[in-house]
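Every value quoted in this text rests on a predicted model; they were computed, and no experiment measured them. Chain A is the first sequence line, chain B the second, and so forth, proteins listed ahead of strands; every chain is numbered from 1.
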Protein chains: 2
Amino acid sequence: MRDLDDTDLRILELLAEDARRPFAAIGETVGLSGPAVSDRVSRLEDAGVIRQFTVDIDRSTLRGGVPVLVEATVPADQVESVRETVAAAEAVEHVFTAADGTLTVFARAPENRVRSWVTELFGDDATDLDVTLVDDVRWTPNVGGGEFALECAECGNTVTAEGTSTRLGGDAYHFCCSSCEARFVDRYERLEEGA
Amino acid sequence: MRDLDDTDLRILELLAEDARRPFAAIGETVGLSGPAVSDRVSRLEDAGVIRQFTVDIDRSTLRGGVPVLVEATVPADQVESVRETVAAAEAVEHVFTAADGTLTVFARAPENRVRSWVTELFGDDATDLDVTLVDDVRWTPNVGGGEFALECAECGNTVTAEGTSTRLGGDAYHFCCSSCEARFVDRYERLEEGA
DNA sequence: CCTGAAAGAATTACGCG
DNA sequence: CGCGTAATTCTTTCAGG
């Protein structure tokens, strides 16, 4: 597909704000006709940029279960399968997979059996589970500009989603590539030995 | 406002799946007319249950910055003000406030200055900051637990969004599938004839 | 909450640069 | 190939019961 341009981004922004805004109105603010906007939105859907049109629901008004954040550590080779299983579970709303394989899950657990529900959810796969009760949830759908990045702890380059991360002595470190990670870990370990 | 009923919840479910589904189509599966669904949706918006209509965007396709999870500890008396500030910031998508006051924030932070961006975001308010690179994000908009699950009037199974509804003698009946509906309607009509 | 009519928006068809 | 205009179709909103 053709690359996204600035107009696509503005359309996404406007839709994120109000997905039911008429295409013609969107077109007016971005300088296109209604059908042209419609075409672009279809393309954005086909390309998978727009996953779906949906509603942001204030779940606190539905009193539907205990909101919890779960931090789970799972063996590296099971991260993907566990992530899929968990994401598919009823009551699970968000799954964030950290580069180091840690899963952060937001869900609404059944009343009175939060602990057992979480334990069942992960089965024997999790080596560590941390459950926190959540008090408030905010969602701000935004497209987000274009200029962001972490610095590689080794070489200072920009870390993209293809980068790597690791935990050393309780802290997380990010790298632009595995060789930077290897060099850094190597030096870290020698420092540890020396100390 | 009048309390939410099962029909409202099913409408929310259907909208969460696809917010552009026509009201008439929603009405067909929940056993209402288009205008009736429209009325309910308006009420749900007024009541604040529906915060907004929006799009779920796959931000990984936008290459728009590095996704990070920030865990922040802030003094108890500042949790609310910090939460508001953070939620309002550009690039912040989610803010989860734990019952113990810990904030978990998902954001896409500015290029080449993630660390400083995060530090600035919280200013002097945070006593502890933990930043982790995120590799994958899943969102499953769902209305919430099985507590509101409807039972199929014919077989007792859980009625999902794929189920059907119909009105018989002024009452609404829900079914897990069309064959259950057919059987139920059939029996209902024979009872009516007999009476 | 329903039905039916009017207003409004999305999609399609087709011509242009 | 993307865009614009105009016709068609579909959806939402409005009136009345």
salt_bridge(B:R40, B:D5) N-O dist < 4.0 Å: yes

Gap between atom CG of A:L9 and atom CG of A:L14 - 0.5 Å precision: 10.5 Å

Length of the line joining B:L15:CG and D:dT11:C1', which is rounded to integer Å: 14 Å

Side-chain heavy atoms of B:R108 within contact of B:V68, under 4.5 Å: no

Proximal nucleotide (of D:dG4, D:dT11, C:dC1) relative to the B:P22 side chain: D:dT11

Euclidean distance, atom CD of residue A:E45 to atom P of C:dA10 [Å, nearest integer]: 13 Å

Residue A:S38, side-chain atoms from C-beta onward, closest of D:dT13, D:dG4, C:dT11: C:dT11

Nucleotide D:dC14, atom C1' - distance to CG of B:D39 in whole Å: 11 Å

Earlier contact from the 5' end, DNA chain D, for A:G31 and B:A24: A:G31

B:I26 CD1 to D:dT13 P, straight-line distance once rounded to whole Å: 12 Å

Selected nucleotide, minimal atom distance to A:L32 side chain, candidates D:dT11, D:dT13, D:dG4: D:dG4

Separation of atom CZ in A:F23 from atom P in C:dA10, rounded to whole Å: 6 Å

Any B:R20 side-chain N or O less than 4.0 Å from OP1/OP2 of D:dT12: no

Interatomic distance, A:R21 CZ vs D:dT12 P [rounded to whole Å]: 18 Å

Selection from C:dC1, D:dC3, C:dA9 that lies nearest to any side-chain heavy atom of A:R40: D:dC3

From C:dT11, D:dG2, C:dC1, nucleotide with atom closest to B:A36 side chain: C:dC1

Candidate nucleotides D:dT12, C:dA10, D:dA6, ranked by approach to the side chain of A:P35 - the nearest: D:dA6

Between P of D:dC1 and CG of A:D5, the distance in whole Å: 17 Å

Aromatic ring proximity B:F96/A:H94, centre distance under 6.0 Å: yes

Between D:dT11 (P) and B:D18 (CG): distance, integer Å: 12 Å

Test item: A:L103 and A:F122 side chains (from C-beta on) under 4.5 Å apart, heavy atoms: yes

Side chain of B:S33 (C-beta onward), nearest among D:dC3, C:dC2, C:dT12: C:dC2

